[in-house]
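All heavy atoms count here, side chains included; hydrogens, waters and symmetry mates do not. Along the sequence shown, residues carry numbers from 1.
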Amino acid sequence: MIKLIVGLGNPGAEYELTRHNVAWIVLDTHPELSRNNWKEKFKGIYSDFSFKGEKIYALKPHTYMNLSGESVGPLCKFFKIKPEEIIVIQDEIDLPFGQIHFKKGGGLAGHNGLKSISQHLGTNEYYRLRVGVGRPQHGSVSSWVLSKFPSEQDTELSIVMEKTNEALKLFLEQGFKKASTEYNKKNLLAV
């Protein structure tokens, strides 16, 4: 049973709606969370919602991406949440925009937010929901992920967020195998 959903991102107005903050956009559009009050603690903001009679926490670390573990670690310790009860939502440049991929453990692909979380938890055996943001055809990856989604993608972005939240709900209801079979590497814009 998942007890914590972590959305990786960076705090501050200049990072709002950037590719690197796509996980925050997922949480901001989550049907249960958008109505809830977020509280400030654990070097971030967190909220919770009830799912099948259980409480699930959602966390947006405010430590900046590379230090996300400094927020995740203390919250997990406080609420006694184990690594296998966590799903981390992250941006993924190796997936095109419109695709998502569920993953458990494995390599961190150079993602500094994941490295920090793994360091603080002492393991990388937690679930991940990788949200595709694509890779730039030219220029630097860091400029790409720190740039905003173009306004002409607004409609597509809202569809992707809606479908990503549906995928997350399926994951919470029926588990990793079902959600990954249903959604991994499928084009959400074509479904």
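In this structure, Phe51 and Glu173 approach most closely via the heavy-atom pair CZ-CG, 3.3 Å. Minimum heavy-atom separation, Arg135 to Asp94: NH2-OD1, 2.5 Å. Taking both residues in full, the closest heavy atoms of Thr164 and Val26 are given as CG2-CG2, 4.0 Å, listed atom of the first, atom of the second, then distance.
Linking Ile, Leu, Val, Met, Phe, Trp and Tyr whenever their side-chain heavy atoms come within less than 4.5 Å leaves Val131 and Met65 in two separate clusters. Under a hydrophobic clustering in which Ile, Leu, Val, Met, Phe, Trp and Tyr are joined whenever their side-chain heavy atoms come within less than 4.5 Å, directly or via other members, Leu108 and Val141 fall into different clusters. In this structure, Ile100 is a member of the same hydrophobic cluster as Ile93, with clusters built from ILVMFWY side-chain heavy atoms closer than 4.5 Å. Cluster membership check: Val88 does not share its hydrophobic cluster with Ile56, using side-chain heavy-atom separations under 4.5 Å among Ile, Leu, Val, Met, Phe, Trp and Tyr. The hydrophobic clustering, which links ILVMFWY residues whose side-chain heavy atoms are closer than 4.5 Å, places Leu4 and Phe49 apart.
Both cation-pi conditions hold for Lys41 and Phe78: the charged atom is under 6.0 angstrom from the six-membered ring centre and inside a 45 degree cone around its axis.
Side-chain contact between Tyr126 and Lys82 is absent, with no heavy atoms from C-beta onward closer than 4.5 Å. Side-chain contact between Ile87 and Arg128: absent, with no pair of heavy atoms (C-beta onward) separated by less than 4.5 Å. In this structure the side chain of His30 never reaches within 4.5 angstrom of the side chain of Met161, judged on heavy atoms. Using a 4.5 Å heavy-atom cutoff, the side chains of Glu162 and Thr29 are not in contact. In this structure, the side chains of Val160 and Leu189 come closer than 4.5 Å at one or more pairs of heavy atoms. Two residues are said to be in side-chain contact when any heavy atoms from C-beta on lie closer than 4.5 Å; Thr18 and Ser147 fail this criterion. Residues Val6 and Tyr57 fail the side-chain proximity criterion, which asks for heavy atoms closer than 4.5 Å.
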Applying side-chain contact (heavy atoms from CB on, under 4.5 Å) to Ser118 and Thr123, what does each step give before you reach the verdict? CA-CA 5 Å; Ser118 295; Thr123 181; over 6 Å; no
Evaluate the side-chain contact (heavy atoms from CB on, under 4.5 Å) criterion for residues Leu8 and Ile117: first the C-alpha distance (whole Å), next the side-chain angles of each, then the deciding distance (0.1 Å), finally the verdict. CA-CA 10 Å; Leu8 296 185; Ile117 291 169; 3.7 Å; yes
Please assess Lys55 against Lys3 for the test side-chain contact (heavy atoms from CB on, under 4.5 Å), listing each intermediate value before the final yes or no. CA-CA 7 Å; Lys55 190 179 276 196; Lys3 294 185 179 170; over 6 Å; no
Could you walk me through whether Asn37 and Ser47 pass the side chain to side chain donor-acceptor pair (under 3.5 Å) check? CA-CA 6 Å; Asn37 294 327; Ser47 188; over 6 Å; no
His120 and Val72: side-chain contact (heavy atoms from CB on, under 4.5 Å), yes or no, with the steps? CA-CA 8 Å; His120 281 264; Val72 175; over 6 Å; no
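For His62 and Trp24, the ring centers are positioned less than 6.0 Å apart. Taking the ring centroids of Tyr183 and His101, they lie at or beyond the 6.0 Å cut-off.
Residue-environment remark: NZ (Lys104) exceeds the threshold of 12 foreign heavy atoms within 6.0 Å. Few gaps surround NZ on Lys39; more than 12 heavy atoms of other groups in view lie less than 6.0 Å from it. The number of heavy atoms from other shown groups lying within 6.0 Å of CD (Glu152) is above 12. More than 12 heavy atoms of other residues, nucleotides or ligands lie within 6.0 Å of NZ in Lys148, so this atom counts as buried by the packing criterion.
Applying the salt bridge (charged side-chain N to carboxylate O under 4.0 Å, His left out) test to every pair with at least one member in residues 60-72, sequence neighbours left out, gives these pairs: Asp28-Lys60, Lys43-Glu70. Each salt bridge (charged side-chain N to carboxylate O under 4.0 Å, His left out) pair with one or both residues in residues 13-22, not counting sequence neighbours, would appear here, but there are none. Listed by first then second residue, pairs satisfying ring-ring contact (aromatic ring centres under 6.0 Å, His included) with a partner in residues 152-171 read Phe102-Phe171, Tyr127-Phe171, not counting sequence neighbours.
With rounding to the nearest 0.5 angstrom, the CG atom of Leu27 is 10.5 Å from the CG atom of Asn21. The line from CG of Leu114 to CD of Gln119 is 12.5 Å long, rounded to the nearest 0.5 Å. To the nearest 0.5 Å, the span separating NZ on Lys80 from CD on Glu85 amounts to 12.5 Å. Rounding to the nearest 0.5 Å places CG of Asn187 at 10.0 Å from NZ of Lys163. Taking NZ of Lys52 as the start and CE of Met1 as the end, the distance is 8.0 Å to the nearest 0.5 Å. To the nearest 0.5 Å, atom CG of residue Leu33 and atom OH of residue Tyr46 are 13.5 Å apart.
Asn66 and Ser116 form no side-chain donor-acceptor contact under 3.5 Å, judged by distance and modelled atom types alone.
No donor-acceptor pair closer than 3.5 Å links the side chain of Trp38 to the backbone N or O of Leu59. Ser180 contributes no side-chain N or O that, together with a main-chain N or O of Asn184, makes up a donor-acceptor pair within less than 3.5 Å. No donor-acceptor pair under 3.5 Å is formed between the side chain of Ser71 and the backbone N or O of Ser68. With Lys103 contributing its side chain and Gly107 its backbone, the two residues share a donor-acceptor pair below 3.5 Å.
Listed by chain and number, the residues in a side-chain hydrogen bond (donor to acceptor under 3.5 Å, both in side chains) with Asp91 are His20, His111 (sequence neighbours excluded). Annotation: salt bridge (Lys or Arg N to Asp or Glu O under 4.0 Å) contacts of Glu182 (sequence neighbours excluded): Lys178. For the side-chain hydrogen bond (donor to acceptor under 3.5 Å, both in side chains) test, no residue two or more places apart in sequence or in another chain qualifies with Asn124.
The aromatic rings of Tyr64 and Tyr15 lie perpendicular to each other, with more than 60° between the two planes, well past the 30° mark.
For the side chain to side chain contact (heavy atoms under 4.5 Å, CB included) criterion with Phe97, the lone passing option out of Val133, Leu188, Leu157 is Leu157.
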